J.: 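Below is a structure I'd like to ask you about.
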Amino acid sequence: MNIRTIISAIALAVAGCVVVNAQDGTTSYNFLKLSPSAHAYALGGNNITVIDDDINLVEQNPALLGSEYDHQLGLNYMHYLGGSNFMGIRYGQAINDHSAWAAGIQYYGYGSFEGYDISGAFTGQFSANDMAANITYTHDISEHWRGGITAKFIHSKYEDYSAAALGVDLGVNYYNPNNDLSFSLVAKNLGGQVKKFTDTSDKLPWDIQMGVSKQLGSSPFRLSLTLNNLRKWKLPYYQPQDKNSTNSPLVLKDSFGSNLMRHVVLGVEFLPNDNLWVGVGYNYKTRTDMSSYQRSILSGFSAGAGLKVKAFGVGVALAQPHNGATTFMFNLTTSLGELMR
């Protein structure tokens, strides 16, 4: 039995055990849905197929990692809603021409909060944060197919409460550079808690996703389609009957078209050369999740750009899911191998 088989068997066994232990309880750890990649965030916040020289994309799909990321270091920072700030680091290295590994850590800080007891007396300030450490292994199955696995350790601390969980992402990717066609299938966040906040178990937001990216002939444009939440068809939501009133009754939206579009993330990129990309994305679920009278006209849309100069790559992305709540993401990558030459 080779090392790839051993690693895969262990990861699948761990995932299976913790999934069984997490059948009862509520979904938590939704911060795992946020991509640390500016490229993916610009294309609607979720993209498992884009091929780029950016190790931050590996978080979206472990099968996007490869030997081409040898000695690449990636840093990411995101200013999210309110006082939330997220940051992380990831490093990748080739094992041989057909396999590679990467390791990283993401930190999610939500700022300071004021605490009060049951009588309303001030008890002091406290903080809340989440952390996810991960390690990824990938191997080329054939000339165009690649498989990958990411194992995660997740820790959360809110005031005096803490919890821990284990998770696994499994992914495959088909990529044909001759026509720039990329297809992926990913199972994300398989796992569950190993330490609870209280007596109630919280589930990981596990998901099955499928996607495709394709450059349009010889043009400098590439289209991406990502389908998420594939384990569940119905994704109903409520919308105020009168969006101009704070007291408007809520109306259930559960039509076929609405449910279909809440599974879809669309992205389009302009690629004038190998060192520059400009992209925009649309996520209908993000828009409808913010379906209130205060929703921004730009809600659901995102945009970004990336540039590579010699051994360094920079990416930025912006979105405004809600009025007065603009999110900003910044990525930096560098090839340590090129720097040392």
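In this text, all values refer to a predicted model and were calculated from it rather than measured experimentally.
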J.: Run the numbers on Leu65 and Arg146 for side chain to side chain contact (heavy atoms under 4.5 Å, CB included), then give the verdict.
T.: CA-CA 9 Å; Leu65 176 67; Arg146 177 179 290 169; 5.9 Å; no
J.: With a sphere of 6.0 Å drawn around NZ of Lys232, does it hold more than 12 non-hydrogen atoms of other residues, nucleotides or ligands?
T.: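 For Lys232, atom NZ is not crowded (no more than 12 foreign heavy atoms under 6.0 Å).
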J.: Using modelled atom types only, decide if a donor and an acceptor are shared between the side chain of Asn259 and the backbone of Lys234 within a distance under 3.5 Å.
T.: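 Checked: no pair found.
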J.: Okay, side chain of Lys33, backbone of Gly45: is any donor-acceptor separation there less than 3.5 Å?
T.: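 Side chain of Lys33 to backbone of Gly45, a donor-acceptor pair under 3.5 Å: no, none is there.
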J.: How are the rings of Tyr284 and Tyr237 set to each other: parallel, tilted or perpendicular (split at 30° and 60°)?
T.: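 The rings of Tyr284 and Tyr237 stand perpendicular, inter-plane angle above 60°.
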J.: Return the minimal non-hydrogen interatomic distance between Gln60 and Asn47, and the atom names on each side.
T.: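 The pair with the smallest heavy-atom distance is OE1-N, 2.6 Å.
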J.: Shortest non-hydrogen contact from Pro205 to Asn189?
T.: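 The answer is O-ND2, 3.5 Å.
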J.: Determine whether Trp277 and Val50 make a side-chain contact, defined as any pair of heavy atoms from C-beta on separated by less than 4.5 Å.
T.: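 A side-chain contact under 4.5 Å is absent here.
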J.: Run the numbers on Asp54 and Lys308 for side chain to side chain contact (heavy atoms under 4.5 Å, CB included), then give the verdict.
T.: CA-CA 10 Å; Asp54 180 1; Lys308 184 177 180 181; over 6 Å; no
J.: Of the non-hydrogen atoms in Ala317 and Ala38, which two are nearest, and what is the gap between them?
T.: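 Ala317 and Ala38 have their closest heavy atoms at CB-O, 3.4 Å.
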J.: When you measure from the side chain of Glu269 to the backbone N and O of Gly279, does any donor-acceptor pair fall under 3.5 Å?
T.: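 Not confirmed, Glu269 side chain does not pair with Gly279 backbone.
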J.: Would you please indicate if the ring centroids of Phe86 and Tyr107 are separated by under 6.0 Å?
T.: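 Not close enough - the centres of the two rings lie 6.0 Å or further apart.
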J.: For Tyr69 and Ile55, which heavy atoms make the closest approach, and how far apart are they?
T.: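 Shortest heavy-atom separation between Tyr69 and Ile55 comes out as CE2-N, 3.6 Å.
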J.: Identify the residue among Asp130, Leu204, Val194 that makes a side chain to side chain contact (heavy atoms under 4.5 Å, CB included) with Ile154.
T.: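 That would be Leu204.
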J.: Determine whether the aromatic ring centres of Tyr174 and His144 lie less than 6.0 Å apart.
T.: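 Between Tyr174 and His144, the centre distance is under 6.0 Å.
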J.: Could you tell me which non-hydrogen atom of Ser184 sits nearest to which non-hydrogen atom of Ile48, and how far apart they are?
T.: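 Closest pair (atom of Ser184, atom of Ile48, distance): OG-O, 2.9 Å.
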J.: Ignoring hydrogens and angles, tell me if any N or O in the side chain of Ser182 forms a donor-acceptor pair with the backbone of Thr49 under 3.5 Å.
T.: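 Present.
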J.: Please check: side-chain N/O of Asn331 versus main-chain N/O of Gly315, any donor-acceptor pairing under 3.5 Å?
T.: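 Answer holds: no.
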J.: I need the minimum non-hydrogen distance between Ala100 and Ala94, along with the two atoms involved.
T.: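 That would be CB-CA, 4.0 Å.
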J.: Walk me through whether Val265 and Leu43 qualify under side chain to side chain contact (heavy atoms under 4.5 Å, CB included).
T.: CA-CA 8 Å; Val265 180; Leu43 299 179; over 6 Å; no
J.: Evaluate the side chain to side chain contact (heavy atoms under 4.5 Å, CB included) criterion for residues Trp233 and His263: first the C-alpha distance (whole Å), next the side-chain angles of each, then the deciding distance (0.1 Å), finally the verdict.
T.: CA-CA 8 Å; Trp233 163 248; His263 289 277; 3.9 Å; yes
J.: Please tell me whether Tyr29 and Trp206 form a close aromatic pair, meaning their ring centres lie under 6.0 Å apart.
T.: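 Ring-ring flag for Tyr29/Trp206: false, centres at least 6.0 Å apart.
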J.: Taking Gln193 for its side chain and Asp202 for its backbone only, find out whether a donor-acceptor pair lies under 3.5 Å.
T.: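 Present.
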J.: Can you establish whether the number of heavy atoms outside Asn96 located under 6.0 Å from its atom CG is more than 12?
T.: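 Above 12, so yes.
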J.: Under 3.5 Å, is there a donor-acceptor pair between the side chain of Asn56 and the main chain of Ser37?
T.: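 No; judged by distance alone, with no hydrogens or angles, the pair does not exist.
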J.: Kindly say whether Ala319 contributes a backbone atom to a donor-acceptor pair with the side chain of Thr327 at under 3.5 angstrom?
T.: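 Confirmed, Thr327 side chain pairs with Ala319 backbone.
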J.: State plainly whether the residues Asp289 and Arg262 are in salt-bridge range, i.e. N to O under 4.0 Å.
T.: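 Answer for the salt bridge query: yes.
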J.: In terms of relative ring orientation, are Phe197 and Tyr158 parallel, tilted or perpendicular, with 30° and 60° separating the classes?
T.: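 Judged by the thresholds at 30° and 60°, the geometry between Phe197 and Tyr158 is parallel.
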J.: Are Ile51 and Asn173 side-chain neighbours, meaning at least one heavy-atom pair lies under 4.5 Å?
T.: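 In contact.
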J.: Mind checking whether Trp145 and Phe183 have parallel, tilted or perpendicular rings, split at 30° and 60°?
T.: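 The arrangement is perpendicular - the two ring planes meet at more than 60°.
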J.: Not counting sequence neighbours, which residues clear ring-ring contact (aromatic ring centres under 6.0 Å, His included) with Phe126? List them please.
T.: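 Per chain and number, Phe126 pairs via ring-ring contact (aromatic ring centres under 6.0 Å, His included) with Phe113.
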J.: Would you find a donor on one side and an acceptor on the other, under 3.5 Å apart, between the side chain of Asn134 and the backbone of Thr150?
T.: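 Checking the backbone N and O of Thr150 against the side chain of Asn134, no donor-acceptor pair under 3.5 Å is found.
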J.: Using modelled atom types and a 3.5 Å cut-off, is there a donor and acceptor pairing between side-chain atoms of His139 and backbone atoms of His98?
T.: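 Judged by distance alone, yes, a pair lies under 3.5 Å.
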